[in-house]
Participant: 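So that we are looking at the same thing, I have put the structure below in structure tokens.
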Amino acid sequence: MATQITINQIADYDGQEVELRGWVYHRTGKGRLQFVQMRDGTGIVQCVAFKKEMTEDDFALVKSLTQESSVIITGSVRADERAPGIPGGYEVGIQNIELVQMAEEYPITPKEHGTEFLMDNRHLWVRSRRQWAILRIRATIISALRNWLDDNGYLLVDTPIITPAAGEETTTLFEIDYFGQPAFLAQTGQLYNEANIGSFGKVYCFGPTFRAEKSKTRRHLMEFWMLEPEMAFFSLEDLMDMEEQLISAVVARVLEKRKPELDILERDLSQLESITAPFYRITYDEAVERLQKLVAETDDPEQKELLNIEWGEDFGSPHETAIAAMFDKPVFVYHYPTAVKAFYMQPVDGRPEVCRSVDLLAPEGYGEITGGSERIYDKDLLEERVRTIGLPREAYAWYLDLRRFGSVPHAGFGIGIERTVAWICGLPHIRETIPYARMLNRMYP
RNA sequence: UCCAGCAUAGCUCAAUGGCAGAGCAAUCGGCUGUUAACCGAUGGGUUCCUGGUUCGAGUCCAGGUGCUGGAGCCA
């Protein structure tokens with residue numbers, strides 16, 4: 001009697017008869033010998049059919065199997081160095097095969113395809129090896145982030161998706177009709193996090209975030225997932241300490257749990273193995289000086305133009321890339337100009353033109369993956385900022401309330417899941433890091 | 001919103017202004033160790049759309065549409 005197993009367990013069943021349920025990933029043959037690579041979600045295994053070892057009908061069926069046909073195969077497991085797959089090294093000698101459905105002509109062939117075609121077929125593309133590997137790593141990154149927070153005294157407290165007003169006034173929001181009233185899809189849970197720390201001390205929220213910016217680059221999605229921790233009695237220095245502990249723990253977990261997937265992606269593991277705390281820390285001032293020095297020293301006029309910067313300007317992505325390229329590990333850039341950052345960020349004592357903000361830039365050109373700050377906790381100062389910026393006071397009344405009832409110094413940040421996945425996987429584009437990307441020109445499938 | 005590039009078979013791409021082509025996929029046949037197998041055969045086209053130049057346009061020109069990358073903005 002065959003035991004029903006999944007492919008990731010195959011090594012435990014050497015010499016035994018097993019039943020596998022899955023899909024034909026690839027088939028090739030040599031006459032009376034047929035090779036079927038089968039997937040079941042946990043891995044890929046080669047199944048081999050010899051004509052003389054099975055019924056005429058079953059062999060004819062194997063020979064006619066199309067890519068992605070669904071099948072139930074029973075056979076005996078044997079170790080064989082030649083057998084490809086994940087984990088590989090074992091193959092199944094087919095004794096019986098049951099067809100569940102013969103797949104129609106499958107659009108994604110083993111040859112190369114263009115991005116538009118693959119994105120149009122995203123519902124099928126997720127079955128491909130690379131996409132399978134990426135999305136499994138994504139799941140591990142998310143669980144590693146959450147596990148670390150859960151284990152270190154942070155409480156998951158969900159924040160609303162439908163919100164009455166902008167979190168930050170800067171970017172464009174998706175507006176929806178809330179029974180006749182305008183409402184917006186959340187672009188951050190931070191303000192609610194700030195309320196929640198009053199009850200729980202250290203919290204985080206995790207969920208989708210929406211930006212209606214017409215950005216069309218390899219780093220942008222209209223709908224992306226963000227994890228935002230927020231901590232009472234936390235300084236900017238505490239925040240950087242915590243971020244580097246969290247990020248390095250996540251990278252370590254991925255290296256531990258997802259080696260086969262990283263191999264599929266041909267990721268340079270040494271780059272990831274070097275991601276250990278502490279990370280580098282430089283001020284905005286120093287970053288600007290470094291950029292200006294770079295501009296002065298380069299002979300490339302295009303680079304000169306791209307990297308040109310005056311103190312007080314925010315970094316564009318070429319600046320971030322150039323700064324990150326100066327370091328072999330992630331680098332914190334802190335104390336940005338107050339004018340280019342959000343209204344709630346705490347000014348630096350004695351230097352109000354800069355604020356207690358910090359961005360974390362990932363190495364290898366991946367740019368900003370986290371952004372955070374110490375928040376203003378003084379009631380009068382926050383009132384003044386809301387007034388100067390011209391925010392509608394009524395909408396922020398509850399937020400201002402938080403500074404009236406036991407206000408404490410606090411800090412928090414947001415980490416973009418897709419950018420983190422792109423960096424850890426070494427991908428050139430963010431679109432493959434989320435199962436179904438929402439982009440400027442795409443919401444299908 | 002701005003800048004640049006691209007659009008030909010199901011897919012990836014060729015084709016000097018002069019017969020619309022290849023590889024893969026599909027279909028049929030062959031092959032007992034394939035790794036994107038190989039060998040032979042067959043079918044497969046609104047060359048993105050509209051208009052123009054020309055004896056003749058996939059190719060040149062104008063407009064449009066779609067897509068891709070980048071800038072700004074951001075995670």
Participant: Report the distance from atom CD1 of I430(A) to atom C1' of G69(B), rounded to the nearest whole Å.
Facilitator: 15 Å
Participant: Counting any heavy atom closer than 4.0 Å, what does P107(A) reach on the DNA or RNA strands: base, sugar-phosphate only, or nothing?
Facilitator: nothing
Participant: Using only modelled atom types and a 3.5 angstrom limit, is any donor from either the side chain of R419(A) or the base of C74(B) paired with an acceptor on the other?
Facilitator: yes
Participant: With C1' as the reference atom in both, quote the distance from C28(B) to U35(B) in angstrom, rounded to an integer.
Facilitator: 25 Å
Participant: Under 6.0 Å between the ring centres of Y204(A) and Y154(A)?
Facilitator: no
Participant: Given that L221(A) and G31(A) both sit by RNA chain B, which one's nearest nucleotide is further toward the 5' end?
Facilitator: G31(A)
Participant: In whole angstrom, give the distance that lies between atom CG of L307(A) and atom P of G72(B).
Facilitator: 11 Å
Participant: On a whole-Å scale, what distance lies between the P atoms belonging to G30(B) and U50(B)?
Facilitator: 47 Å
Participant: What about H113(A): does its side chain form a donor-acceptor pair under 3.5 Å with the base of C11(B)?
Facilitator: no
Participant: Is there a donor on the side chain of S215(A) or the base of C74(B) sitting less than 3.5 Å from an acceptor on the other?
Facilitator: no
Participant: Would a line drawn from the ring center of Y284(A) to the ring center of F315(A) be shorter than 6.0 Å?
Facilitator: yes
Participant: Name the stems that RNA chain B belongs to, where each is three or more consecutive Watson-Crick or G-U pairs with both distances under 3.5 Å?
Facilitator: B:1-7 with B:65-71, B:10-13 with B:21-24, B:26-30 with B:38-42, B:48-52 with B:60-64
Participant: Rounded to whole angstrom, note down the C1' distance from A57(B) over to C49(B).
Facilitator: 16 Å
Participant: Could you tell me whether E364(A) and R267(A) make a salt bridge, using a distance below 4.0 angstrom between a side-chain N and a carboxylate O?
Facilitator: yes
Participant: Okay, side chain of T74(A), backbone of E19(A): is any donor-acceptor separation there less than 3.5 Å?
Facilitator: no
Participant: Base, sugar-phosphate, or nothing: which does T370(A) touch, judged by heavy atoms less than 4.0 Å apart?
Facilitator: sugar-phosphate
Participant: Just call it for N441(A): base, sugar-phosphate, or nothing, with non-hydrogen atoms closer than 4.0 Å on any strand.
Facilitator: sugar-phosphate
Participant: Does a side-chain N-to-carboxylate-O contact under 4.0 Å join E418(A) and R431(A)?
Facilitator: no
Participant: What integer distance in Å separates I247(A):CD1 from A75(B):P?
Facilitator: 14 Å
Participant: For R431(A), answer base if it contacts any base atom (sugar-phosphate contacts may also be present), sugar-phosphate if it contacts only those atoms, and nothing otherwise; contact means non-hydrogen atoms under 4.0 Å.
Facilitator: sugar-phosphate
Participant: For F117(A), answer base if it contacts any base atom (sugar-phosphate contacts may also be present), sugar-phosphate if it contacts only those atoms, and nothing otherwise; contact means non-hydrogen atoms under 4.0 Å.
Facilitator: sugar-phosphate
Participant: With ring centroids as reference points, do Y344(A) and Y396(A) lie under 6.0 angstrom apart?
Facilitator: no
Participant: Classify the side chain of Q34(A) versus the base of G33(B) as yes if they form a donor-acceptor pair under 3.5 Å and no if they do not.
Facilitator: no
Participant: Are D80(A) and R82(A) within salt-bridge range, i.e. N to O under 4.0 Å?
Facilitator: yes
Participant: Using atom C1' in both nucleotides, what's the gap between G52(B) and U42(B) to the nearest angstrom?
Facilitator: 41 Å
Participant: When you get a sec, tell me which of U34(B), U32(B), G70(B) is the closest nucleotide to the side chain of R218(A)?
Facilitator: G70(B)
Participant: Taking the C1' atom in each of A62(B) and U53(B), what is the distance between them to the nearest angstrom?
Facilitator: 11 Å
Participant: Expressed as a whole number of Å, how far does the C1' atom of U1(B) sit from that of G18(B)?
Facilitator: 44 Å
Participant: Could you work out the separation of A25(B) and C38(B) based on their P atoms and round it to a whole Å?
Facilitator: 8 Å
Participant: If you measure from the P atom in C3(B) to the same atom in G64(B), how many Å do you get, rounded?
Facilitator: 12 Å
Participant: Looking only at N and O atoms, is any donor in the side chain of Q46(A) or the base of U34(B) less than 3.5 Å from an acceptor on the other one?
Facilitator: yes
Participant: T42(A) and D40(A): side-chain donor and acceptor closer than 3.5 Å?
Facilitator: yes
Participant: Using a distance-only criterion (donor-acceptor N/O pair, under 3.5 Å, no hydrogens), is the base of U32(B) paired with the side chain of K51(A)?
Facilitator: no
Participant: Using a heavy-atom cut-off of 4.0 Å across all strands, would you classify E223(A) as base, sugar-phosphate, or nothing?
Facilitator: nothing
Participant: With a 4.0 Å cut-off on heavy atoms, is G316(A) in touch with a base, just the backbone sugar-phosphate, or nothing at all?
Facilitator: sugar-phosphate
Participant: Between Q131(A) and E432(A), does any side-chain donor sit less than 3.5 Å from a side-chain acceptor?
Facilitator: yes
Participant: Can you measure N121(A) atom CG to C11(B) atom P for me and round it to whole angstrom units?
Facilitator: 9 Å
